[in-house]
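Everything on this sheet refers to the single structure shown next.
Both counts, for ligands and for their atoms, begin at 1 and track the order of listing. Note: hydrogens, waters and symmetry copies are ignored here, and every other heavy atom, side chains too, is used.
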Amino acid sequence: MNKTGVLTVVSGFSGSGKGTIMKELLKKYPEQYALSISATTRSPRPGEIDGREYFFRTDEQFEQLIAEDGLLEYARYCDHYYGTPKDYVKEQLAKGKDVILEIEIQGALKIKQKYPDTVLLFVTPPSFEALKDRLIGRGTETLEVICDRLCRACEESKGCEAYDYLIINDHLDDCVKQVHEILQNEHARMSRNDEFLNKFRVELEAYRKENNK
Ligand code: 5GP
C-alpha cells in the first residue's frame, strides 16, 4: 500500500464542530494523522496560544510569508488573512502521515487544483438551528461576528458540492469513526498505489519471460 500520507482538507461552517472532530481524531490515532497549524492575522481568542491553535501574525508578517512563497495556500476570511505554511505539510506527508488542513472553502479549492488527489471533507451540524445554537453557545464571538459568520456560511453552502464527502456532525464519536474510515480507505485507491503495482508488474513480467511464455 502507498507510503505517502493523504492530504486532507476539512472545511465546514464556523460552528460546525470540525475542530472538535479533528482534535478527537488526532487523540485517537496520533501516529496516523498530523494537523497543520495555520498562520492568521486575526486576534487570539481567550485560551488560544501562538503556535498551538494558530501562528498569530501581523498583516506585514503575513504578507512577508506570501512574498517568500512560504504558504501552500492562503485566503481572506471575514477581513483577515489565513494561510497554510508549506514546509510542515510536506515533511509530514513524506513521513507517511495523513495531513489535515482545517481551512475554509477558497483555500480548499486552491489546494484541490494544485494537488488533485487531496480529499475534501465538508462538515455541517445536523440543521441550521443547531448551527446557530452552537455559535451562540460558544460565547466567544459578539452577535455581529456571529451574524457575519452565518452570512458567510450562506455563501459557503453554495460551493460545497466541490467537496468529496459530507460529514453530518450529530454524534462526535460516529463522525470521528466515519472520517477515519474514509481516510483509511483512501490509501487503497488505485491511483495512490502506482509504485506497488508497477513493482508487481515488473516481477510478473520477469517471471513470464523466464518461463518463455
Ligand atoms: P477561525 O477564525 O474560526 O479560527 O477560522 C475561520 C475560518 O478560517 C475557518 O473556516 C477556518 O477553517 C479557516 N482557516 C483556518 N486556517 C486557514 C488556512 O490556513 N487557510 C484558509 N484558507 N482558511 C483557514
Numbered atoms and elements of ligand 1 in range of [X], under 4.0 angstrom, heavy atoms:
X: Ala75; result: 22 (N)
X: Ser38; result: 16 (N), 17 (C), 18 (C), 19 (O)
X: Gly83; result: 18 (C), 19 (O), 20 (N)
X: Arg149; result: 1 (P), 2 (O), 3 (O)
X: Arg42; result: 1 (P), 2 (O), 4 (O)

Taking all heavy atoms of [X] and all of [Y], pick out the closest pair and write down the distance.
X: Leu135; Y: Ile146; result: O-CD1, 3.7 Å
X: Lys213; Y: Arg208; result: O-NH1, 2.6 Å
X: Pro125; Y: Phe13; result: CD-CD1, 4.3 Å

For [atom], the protein heavy atom that lies nearest, with its residue and separation:
atom: atom 10 (O) of ligand 1; value: Glu104 CB, 3.6 Å
atom: atom 21 (C) of ligand 1; value: Ile103 CB, 3.4 Å
atom: atom 6 (C) of ligand 1; value: Tyr77 CE2, 3.4 Å
atom: atom 5 (O) of ligand 1; value: Tyr54 OH, 3.3 Å

Ligand 1 to Ser14 polar contact by distance, N or O atoms, under 3.5 Å: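 N/O-N/O distance under 3.5 Å: no.
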Location of contacts on Gln106 toward ligand 1, heavy atoms closer than 4.0 Å: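 None of Gln106 does.
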Within reach of ligand 1, part of Tyr82 (heavy-atom separation under 4.0 Å):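 The answer is both, backbone and side chain.
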Any donor-acceptor N or O pair under 3.5 Å, side chains His187, Asn193: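 Per modelled atom types, His187 and Asn193 side chains form no pair under 3.5 Å.
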Pair Tyr165-Gln178, side-chain donor/acceptor within less than 3.5 Å: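 Distance-only check fails for Tyr165 and Gln178.
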From Lys18, Glu141, Glu102 - option closest to atom 9 (C) of ligand 1 by heavy atom: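 Among Lys18, Glu141, Glu102, the closest heavy atom to atom 9 (C) of ligand 1 belongs to Lys18.
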The one among Glu73, Glu53, Glu48 that brings a heavy atom closest to atom 20 (N) of ligand 1: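 Checking each option, the heavy atom nearest atom 20 (N) of ligand 1 is found in Glu73.
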Option among Arg134, Glu104, Arg149 that satisfies the side-chain hydrogen bond (donor to acceptor under 3.5 Å, both in side chains) test with Ser14: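 Single pass found, and it is Arg149.
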Whether His80 lies under 4.0 Å from ligand 1, heavy atom: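 Per 4.0 Å heavy-atom rule, His80 does not contact ligand 1.
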Evaluation steps, side-chain hydrogen bond (donor to acceptor under 3.5 Å, both in side chains), between Glu68 and Gln64: CA-CA 6 Å; Glu68 287 165 359; Gln64 182 66 26; 3.2 Å; yes
Test ring pair (Phe, Tyr, Trp, His ring centres under 6.0 Å) applied to Phe62 and Phe55, step by step: CA-CA 10 Å; Phe62 198 99; Phe55 297 108; over 10 Å; no
Pairing of Glu181 and Lys177 as salt bridge, 4.0 angstrom limit: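 Yes.
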Aromatic ring pairing Tyr29/His180, orientation class (parallel under 30°, perpendicular over 60°, tilted between):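 Judged by the thresholds at 30° and 60°, the geometry between Tyr29 and His180 is parallel.
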